[in-house]
Amino acid sequence: MAIDDMQRTPLIAGNWKMNLDLTSAGDLAKALHQNLDGLPGRDVVVIPPTPLVHAVATILDESTIKVGAQEVRAEASGAYTGDTSIEMIKSIGATYCLVGHSERREYHDETNKSCCEKIRALLNAGITPIYCVGEKLATREAGETLKFVEEQLRVGLGDIDGEEVLHVVVAYEPVWAIGTGKVATPEQAQEVHGHIRGYIGHLFDPEDGEGIRILYGGSVNAENIDGLMACPDIDGALVGGASLKADVFERIVKFEDV
Ligand code: PGA
């Protein structure tokens, strides 16, 4: 895709994780619809638990806010009790899907290879994957963050070509910053984001590196979003805990564009 067609519009995604129920998710979606619909210069995505995707997508149907799923299986159908296919999430209104979130890597044996299969299958179905990468504290302390993230990108994006990579969103989420209140400093985040952009340029084409959107995630809140978004290679945020309160999430989406 030509670079001109694909501006790096800031994208703020709210990962609701395993929280809320039909009523509270509906209330949150209605509040967001009221206050964030049609906001210029921002892409907004909410990512509810799978059983709530349909209800949330129905509420947001007429709005500019998109809905994503947290997890899918790459296979089209079959004997996979408890799993969800891509066609299922697509048929209930999801247009984005997380891949490789660190909680899936930790609790469900997600690997770079399985992420690769999911990204391939999601792109085939026209769903935008949000591919999560990021290191644990021990890896950072060993000075191996950049090498570790490169490997996640090399394998995870290993089955797509330059035509497709701009349809993927990358989220850099240092595992030590998720749900801990310990946000990466803008300098720490920028260092990795700049490296990711360069590495994607190396894997595909420099224009792809320039065009791809790279979100930061890990304890993003209303207080730290402006500093993060001021970094040249941070194109948005993947927000967990702070996306569950409408007013806080709205403030994050309306970050100061400095
Ligand atoms: P957090 O989660 O904002 O609660 O740290 C971010 C994420 O896991 O996507």
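Whatever order the structure lists them in is the order used to number ligands and atoms, beginning at 1.
- A salt bridge between R154 and E151 is present, with a side-chain N of the basic residue lying under 4.0 Å from a carboxylate O of the acidic one.
- The 12-atom threshold is not exceeded at NZ of K136, counting heavy atoms of other residues, nucleotides or ligands nearer than 6.0 Å.
- Ligand 1 has at least one atom lying under 4.0 Å from a heavy atom of A177.
- In this structure, I12 and F255 have side chains that are in contact, with non-hydrogen atoms separated by less than 4.5 Å.
- For ligand 1, none of its N or O atoms has an N or O atom of G217 under 3.5 Å away.
- At least one side-chain heavy atom of I196 sits under 4.5 Å from a side-chain heavy atom of V149.
- Residue-ligand proximity, G218 to ligand 1, at heavy-atom distances under 4.0 Å covers atoms 5 (O).
- Side chain to side chain, E150 and H195 meet the donor-acceptor criterion of an N or O pair below 3.5 Å.
- Atom 4 (O) of ligand 1 has as its closest protein heavy atom G241 N, 2.9 Å.
- Every atom of ligand 1 is numbered from 1 in the order shown, and the set under 4.0 Å from a heavy atom of H101 is 7 (C), 8 (O), 9 (O).
- Of the protein's non-hydrogen atoms, the one nearest atom 2 (O) of ligand 1 is K17 NZ, 3.2 Å.
- In terms of N/O distances under 3.5 Å, ligand 1 is approached by G179.
- Looking only at atom types and distance, the side chain of R251 has no donor-acceptor partner in the side chain of N221 under 3.5 Å away.
- In terms of polar-atom proximity, defined here as any N/O pair under 3.5 Å, T180 makes no such contact with ligand 1.
- Residue contacts with ligand 1: S219 is included, with a non-hydrogen atom under 4.0 Å away.
- Side chain to side chain, W176 and E135 meet the donor-acceptor criterion of an N or O pair below 3.5 Å.
- By the 3.5 Å distance cut-off applied to N or O atoms, G240 is counted among the residues near ligand 1.
- Which parts of ligand 1 touch N15 is read off a 4.0 Å heavy-atom cut-off, strictly below it: atoms 9 (O).
- Rounded to the nearest 0.5 angstrom, F148 CZ and L153 CG are separated by 10.5 Å.
- Using a 30° and 60° split on the angle between ring planes, Y172 and H193 fall in the perpendicular class, above 60°.
- The proximity of I178 to ligand 1, defined as any non-hydrogen pair under 4.0 Å, involves the side chain as well as the backbone.
- Heavy-atom contacts of E173 reach the following atoms of ligand 1: 6 (C), 7 (C), 8 (O), 9 (O) (cutoff under 4.0 Å).
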